[in-house]
Amino acid sequence: MYRSHNNGELRLDHVNQEVCLSGWVQKVRDKGFMIWVDLRDRYGITQLIFDGERSDVSLVENARTLGREFVIQVKGNVIEREAKNLQIPTGQIEILVTSMKILNSSKTPPFTIEDETDGGDELRMKYRYLDIRRNPVRENLVFRSKVTMAVRNYLSQEGFVDVETPYLIKSTPEGARDFVVPSRMNEGQFYALPQSPQTFKQLLMVGGLDKYFQIVKCFRDEDLRADRQPEFTQIDCEMAFVEQEDVLNAFEGLVRHLLQDIKGFKIEAFPRMTYEEAMRTYGNDKPDIRFDMKFGELNTLAQGKGFGVFDSQELVVGIAVPGCSEYSRKQIDQLIDFVKKPQIGANGLVWVKYNKDGSLKSSVDKFFGQEDLKSWALKVNANPGDLLLVMAGEAAKTRTQLSALRMEMAERLNLRNPAEFAPLWVVDFPLLEWDEETHRFHAMHHPFTSPKPEDMHLLDTEPGKVRANAYDMVLNGNEIGGGSIRIFDKATQSRMFDLLGFTKEEARNQFGFLMDAFEYGAPPHGGLAFGLDRLVAILGGQETIRDFIAFPKNNSGRDVMIDAPSPIDEEQLRELRLKLDL
Ligand code: ASP
């Protein structure tokens with residue numbers, strides 16, 4: 001037996017007991033005649049004392065050979081500490097060691113195994129197994145396990161069946177590139193790794209399984225943007241005989257349960273907002289509604305008054321930033337610089353200070369009087385003491401720019417409180433999205449999403465205006481899940497492929513199996529998928545998903561610990577009949 005207790009367990013109650021502990025050496029303090037060692041495992045730290053007077057001298061000699069991260073097993077007696085440490089749960093006792101066995105030695109670790117480590121990112125990833133010994137990383141992984149357990153329990157209780165779907169499949173188009181795997185047995189042919197189990201879960205509905213879920217790895221070969229992983233985990237779900245409302249209610253239930261169970265955060269019904277409204281009021285399809293600063297459109301109030309910068313524009317729009325009317329020239333200049341950054345790309349910013357005494361002062365006083373400015377303030381819901389920030393230009397672009405500014409102001413004012421949770425549904429997404437590069441429509445969600453019946457008549461004439469039965473769940477400004485009600489008849493599905501520019505033959509080749517299935521009594525169905533990594537990070541009050549993944553890839557998609565991807569040897573290449581001499 002390696003241990004009778006773990007290192008976080010012993011208290012004053014255990015004094016006089018003989019115990020056996022195992023773990024890693026966190027710290028050695030050598031006082032000559034006595035040596036103290038902090039012994040660590042997942043559960044905590046217990047202090048060991050090696051004392052030549054109270055036990056064997058050779059023990060002290062032996063303890064002197066210990067280095068950081070050695071793995072040892074000790075036997076000894078629990079005694080009350082003289083100098084108590086009330087910071088840790090085991091701080092009232094220590095173990096007077098009577099025997100010790102070194103189970104394994106350790107090289108000096110390349111960074112300190114402390115909550116605040118001296119190791120940089122790359123080094124920590126290379127020695128991730130050491131990084132995982134650190135409290136914050138381990139706690140994140142334990143937290144993730146807690147969340148996935150809660151998800152499984154909740155969904156099983158609701159009658160969802162956990163089904164595994166294959167990883168070696170044929171490509172599913174979800175907008176990204178596929179990772180492919182060459183098939184040795186089928187020369188010149190490739191599997192694709194799933195971007196999601198989309199078509200399989202739909203086939204499970206055709207199979208009558210009624211309610212499906214899976215916590216599943218998905219693979220997308222995208223150019224890595226910050227905090228994206230080429231492989232990531234979804235909570236993937238599908239239900240039969242449902243309308244949008246049923247799906248929203250079912251999964252609002254899941255997230256409400258998680259917030260309550262994991263965070264003790266109670267939330268009633270989630271607000272619902274159409275895509276159009278989200279874009280108009282927040283300039284964003286994943287608005288952070290923990291704070292206000294809603295957009296106010298000022299066209300009718302601000303145009304035609306001789307201010308050329310506004311007059312010719314499609315949209316003049318502003319926000320009221322709470323309590324910032326006393327911003328200095330320098331602070332305002334910083335905001336102007338912010339919107340002019342190439343990533344934002346605005347030409348400038350008009351400001352209005354709504355002073356505490358009710359008077360207004362602006363950067364455009366030459367063109368607008370107090371009455372004008374007052375009417376703007378009203379429109380953006382400003383209170384005295386607020387700062388109005390106004391932008392103008394082409395509508396879609398200006399909304400995106402003002403949205404970035406709104407988020408920047410929220411950061412500056414600390415309005416993004418990680419302990420607060422503000423979920424909502426964004427519904428009625430457009431079915432299609434025009435791609436300027438390829439001059440084609442793309443499915444905004446994916447090609448299996450059903451158009452809204454009331455918009456069907458626009459499909460041929462104005463496809464860009466057709467709305468879909470598609471929805472996203474948004475939490476604190478992040479899209480944490482998304483899905484749709486699906487097409488379930490062959491004719492509509494085939495029409496959809498036409499619209500997306502597939503030839504009949506391409507559609508048949510890629511999705512024949514799905515359209516065939518639709519001919520054998522496919523039930524109406526719909527579902528969604530949550531991004532588990534991000535959901536866990538947000539529930540954990542953090543933004544980076546990497547910190548919640550045991551073995552993440554770096555920004556170039558590499559695993560620096562195992563050094564992947566890597567070349568394969570000639571023999572493997574030959575077997576796969578792959579030639580690399582390009
Ligand atoms: N397969 C979709 C996705 O990965 C989710 C869904 O429509 O259920 O985004």
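It should be emphasised that the depicted structure is a prediction, and the values quoted were computed from it without experimental measurement. Just so it is clear, the values below take in all heavy atoms, side chains as well, and ignore hydrogens, waters and symmetry mates.
Judged by distance alone, with hydrogens and angles left aside, the side-chain atoms of Asp533 form no donor-acceptor pair with the main-chain N or O of Phe232 at under 3.5 Å. Not one N or O on the side chain of Glu252 forms a donor-acceptor pair closer than 3.5 Å with the backbone of Trp425. Proximity of a side-chain donor or acceptor of Lys263 to a complementary backbone N or O of Leu539 within less than 3.5 Å is detected. Looking at Thr492, its side chain never comes within 3.5 Å of a backbone N or O of Phe488 through a donor-acceptor pair. Under a 3.5 Å cut-off, the side chain of Asn554 and the backbone N or O of Arg558 do form a donor-acceptor pair. Proximity of a side-chain donor or acceptor of Glu238 to a complementary backbone N or O of Phe213 within less than 3.5 Å is not detected. Glu506 places a side-chain N or O within 3.5 Å of a backbone atom of Thr503 that can act as its donor or acceptor partner. No side-chain donor-acceptor contact under 3.5 Å links Glu543 to the backbone of Ala537. Proximity of a side-chain donor or acceptor of Asp227 to a complementary backbone N or O of Ile545 within less than 3.5 Å is detected. The backbone N or O of Ala550 lies less than 3.5 Å from a partner atom in the side chain of Arg128, making a donor-acceptor pair.
Once rounded to the nearest 0.5 Å, the distance linking NZ of Lys294 with NZ of Lys379 reads 13.5 Å. For the atom pair CE (Met273) and CG (Leu424), the distance works out to 5.0 Å, reported to the nearest 0.5 Å. In this structure, CZ on Arg577 lies 12.5 Å from CG on Leu573, to the nearest 0.5 angstrom. For the atom pair Ile132 CD1 and Arg124 CZ, the distance stands at 10.5 Å (nearest 0.5 Å). Atom CG of residue Leu576 and atom CE of residue Met185 lie 11.5 Å apart, to the nearest 0.5 angstrom. The structure places SG of Cys237 at 4.0 Å from CZ of Phe251, a figure rounded to the nearest 0.5 Å.
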Full working for side-chain contact (heavy atoms from CB on, under 4.5 Å) between Gln313 and Glu394: CA-CA 6 Å; Gln313 303 299 352; Glu394 192 255 307; 5.9 Å; no
Derivation and outcome, side-chain contact (heavy atoms from CB on, under 4.5 Å), residues Leu389 and Leu335: CA-CA 9 Å; Leu389 299 173; Leu335 301 184; 4.0 Å; yes
Pair Leu405, Leu402 - check side-chain contact (heavy atoms from CB on, under 4.5 Å), show working. CA-CA 5 Å; Leu405 182 61; Leu402 189 60; 4.1 Å; yes
Please test Met561 against Phe551 for side-chain contact (heavy atoms from CB on, under 4.5 Å), starting from the C-alpha separation and ending with a verdict. CA-CA 9 Å; Met561 180 180 68; Phe551 299 104; 3.5 Å; yes
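Look at Lys126 and Asp131 and you find no salt bridge, because none of the NZ, NE, NH1 or NH2 atoms lies under 4.0 Å from a carboxylate O. Arg467 and Asp455 are joined by a salt bridge, as a carboxylate oxygen and a charged side-chain nitrogen come within less than 4.0 angstrom of each other. Taking a cutoff of 4.0 Å between a charged side-chain nitrogen and a carboxylate oxygen, Glu277 and Arg272 do not qualify as a salt bridge. Taking a cutoff of 4.0 Å between a charged side-chain nitrogen and a carboxylate oxygen, Lys490 and Glu519 qualify as a salt bridge. A salt bridge links Lys504 with Asp498: the closest approach of a Lys/Arg side-chain nitrogen to an acidic carboxylate oxygen falls below 4.0 angstrom. Between Arg228 and Asp223 there is no salt bridge, since no side-chain N of the basic residue sits under 4.0 Å from a carboxylate O of the acidic one.
Across all their heavy atoms, Gly482 and Asp472 have their closest contact at CA-OD1, 3.4 Å. Contact between Arg152 and Asp162 at its shortest, heavy atoms only, is NH1-OD2, 3.0 Å. Between Ser450 and Ile487 the shortest heavy-atom distance is CA-CG1, 3.6 Å. Across all non-hydrogen atoms, the minimal contact from Val426 to Ala278 is CG1-CB, 4.4 Å.
Residue Glu571 places its CD atom among more than 12 non-hydrogen atoms of other residues, nucleotides or ligands, all under 6.0 Å distant.
With hydrogens and angles left out, the side-chain atoms of Asn284 and Ser403 include a donor and acceptor closer than 3.5 Å. One side chain, Gln214 or Thr165, offers a donor N or O that lies under 3.5 Å from an acceptor on the other. Between the side chains of Asp236 and Tyr212, a donor-acceptor pair is found at a separation under 3.5 Å. Side chain to side chain, Gln202 and Gln198 meet the donor-acceptor criterion of an N or O pair below 3.5 Å. Using a 3.5 Å distance cut-off with no hydrogens or angles, the side chains of Ser566 and Asp563 do not pair a donor with an acceptor. Judged by distance alone, the side chains of Asp178 and Gln195 do bring a donor and an acceptor atom under 3.5 Å apart. Judged by distance alone, the side chains of Arg144 and Thr233 do bring a donor and an acceptor atom under 3.5 Å apart.
Just one residue in the list Tyr191, Phe200, Phe179, Phe219 forms a ring pair (Phe, Tyr, Trp, His ring centres under 6.0 Å) with Tyr167, and that residue is Phe219. A salt bridge (Lys or Arg N to Asp or Glu O under 4.0 Å) with Arg399 is found for one member of Glu276, Glu297, Glu314 and no other, namely Glu297.
By the 6.0 Å and 45° rule, Lys211 stacks over the aromatic ring of Phe160.
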Donor-acceptor contacts, no H, no angles, side chain residues 412-421, under 3.5 Å, sequence neighbours left out:
from	atom 1	to	atom 2	distance (Å)
Arg412	NE	Glu408	OE2	2.9
Arg412	NH1	Gln334	OE1	3.1
Arg412	NH2	Glu408	OE2	3.3
Arg416	NE	Asp288	OD2	3.0
Arg416	NH1	Glu411	OE2	3.2
Arg416	NH2	Asp288	OD2	3.3
Arg416	NH2	Asn476	O	3.2
Asn417	OD1	Ala419	N	2.9

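Ring orientation note: the planes of Phe497 and Phe448 are nearly perpendicular, at an angle over 60° on the 30°/60° scale.
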